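Take a look at the structure set out below.
Starting from 1, each residue takes its place in the sequence as its number. Heavy atoms only: backbone and side chains are in, while hydrogens, waters and symmetry mates are out. What you are looking at is a predicted structure, and each value in this text was computed from that prediction instead of being measured.
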Amino acid sequence: CVSVNNCRFVHDAARMPAFPQHPHCRCKLEPCDAPDPSDVTLDFRMEKISNYLFVHPTKSKLIFSCAYTPDDAEEVYEAIGRQAKECYARGEYALSRHDQYGQRIRMRCVLPGKRQKTGRTYDFYTAWMVYPQWELHCNTPFAGEVTHAIS
């Protein structure tokens, strides 16, 4: 249970880990106010964009298909961070794997195309680990393309 201690989720069975977590579990759910996106903090380094998203052989395909270049890394970083805060605050995420390290979630992100791709939008998932007190850690800025939207 330590992995989700003081972590906050939208009160919706599809948007929070199952309870009880294990036999003899003493966890309890406590109500809390929904956050403003500014309340959400991110453990999200710029290197996840500049040294990973633009470099990784399979992940870079998405960002280059949108016609972004490494010079646009800060713009991509800001867009992903802003959307992650907004989606998490509104409860627009899907639960992923949960284990002794914590609860992972996926959120949809939309980037507008650049240059010759202006006018198009690109939907993809980002993957995060939920930390206590409305904090998220970015596991990957690109966890796959959206085939259907998270409701």
Side-chain angles (χ1 to χ4, degrees), residues 1-19 21 29 32 34-151:
C1 299
V2 169
S3 66
V4 292
N5 188 34
N6 285 317
C7 291
R8 298 178 181 188
F9 301 91
V10 171
H11 192 107
D12 172 346
R15 307 258 190 272
M16 54 192 281
F19 285 92
Q21 288 283 302
L29 300 176
C32 61
D36 183 88
S38 64
D39 297 330
V40 178
T41 57
L42 301 179
D43 176 12
F44 179 33
R45 297 183 331 264
M46 178 65 176
E47 290 79 21
K48 285 280 191 175
I49 303 300
S50 59
N51 296 340
Y52 180 65
L53 187 61
F54 278 98
V55 177
H56 191 279
T58 58
K59 304 205 184 263
S60 63
K61 288 179 185 177
L62 165 84
I63 204 68
F64 290 128
S65 73
C66 306
Y68 285 89
T69 69
D71 290 338
D72 302 313
E74 191 164 324
E75 180 182 348
V76 173
Y77 173 79
E78 294 295 328
I80 291 173
R82 178 183 44 76
Q83 290 180 59
K85 288 180 172 194
E86 291 169 355
C87 288
Y88 184 55
R90 290 190 307 258
E92 294 173 359
Y93 57 83
L95 296 177
S96 294
R97 187 174 57 157
H98 177 254
D99 59 20
Q100 73 271 21
Y101 302 110
Q103 178 65 59
R104 292 159 186 80
I105 61 174
R106 288 182 317 136
M107 291 184 281
R108 183 177 178 211
C109 186
V110 178
L111 284 179
K114 295 281 283 189
R115 298 169 184 82
Q116 71 274 19
K117 303 289 180 122
T118 299
R120 296 183 183 178
T121 57
Y122 296 85
D123 293 1
F124 57 97
Y125 291 115
T126 60
W128 303 81
M129 179 75 79
V130 178
Y131 283 172
Q133 310 301 330
W134 302 117
E135 183 178 353
L136 299 175
H137 166 80
C138 182
N139 290 348
T140 180
F142 175 62
E145 293 184 53
V146 171
T147 55
H148 62 280
I150 297 174
S151 57

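- The one candidate from Phe142, Phe64, Tyr68 that meets the ring-ring contact (aromatic ring centres under 6.0 Å, His included) condition with Phe54 is Phe64.
- Taking SG of Cys66 as the start and CZ of Arg120 as the end, the distance is 10.0 Å to the nearest 0.5 Å.
- Interatomic distance, CE of Met129 versus CD1 of Ile105, reported as 10.5 Å (0.5 Å rounding).
- Contact annotation: the side chain of His56 never approaches that of Thr140 to less than 4.5 Å [non-hydrogen atoms, C-beta and beyond].
- Across every non-hydrogen atom of Thr126 and Pro141, the tightest pair is CG2-O, 3.0 Å.
- Shown here are the side chain to side chain contact (heavy atoms under 4.5 Å, CB included) partners of Thr121, two or more places apart in sequence or in another chain: Val110, Asp123.
- Salt bridge annotation for Asp39-Arg8: absent, with no cationic side-chain nitrogen under 4.0 angstrom from a carboxylate oxygen.
- With contacts defined as side-chain heavy-atom distances shorter than 4.5 Å, the pair Trp134/Cys32 qualifies.
- Counting heavy atoms from C-beta on, the side chains of Glu74 and Met46 come closer than 4.5 Å.
- Across all non-hydrogen atoms, the minimal contact from Cys109 to Gln83 is CA-OE1, 3.4 Å.
- Residues Cys138 and Leu42 are not in side-chain contact: their nearest non-hydrogen atoms beyond the backbone lie 4.5 Å or more apart.
- Every residue two or more places apart in sequence or in another chain that forms a ring pair (Phe, Tyr, Trp, His ring centres under 6.0 Å) with Tyr77 is listed here: Phe44.
- Taking CZ from Phe124 and NZ from Lys59, the interatomic distance works out to 11.0 Å, rounded to the nearest 0.5 Å.
- Residues meeting the ring pair (Phe, Tyr, Trp, His ring centres under 6.0 Å) test with His137, sequence neighbours left out: Tyr131.
- Expressed to the nearest 0.5 Å, how far CZ of Arg106 lies from CH2 of Trp128 amounts to 14.5 Å.
- Taking the side chain as every heavy atom from C-beta outward, Lys48 and Ile80 never approach each other to under 4.5 Å.
- Taking the charged nitrogens against the carboxylate oxygens, Glu86 and Arg82 do have a contact shorter than 4.0 Å, which makes a salt bridge.
- Pairing each heavy atom of Val40 with each of Lys85, the nearest pair is O-CE, 3.1 Å.
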* Can Lys114 and Asp71 be said to form a salt bridge (Lys or Arg N to Asp or Glu O under 4.0 Å), step by step? -> CA-CA 12 Å; Lys114 295 281 283 189; Asp71 290 338; over 6 Å; no
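- Scanning both residues, Pro35 and Ala89, for their nearest heavy atoms gives O-CB, 3.6 Å.
- Met107 is listed as a side-chain neighbour of Leu136, based on a closest heavy-atom distance under 4.5 Å.
- Leu111 places a side-chain heavy atom less than 4.5 Å from the side chain of Ile63.
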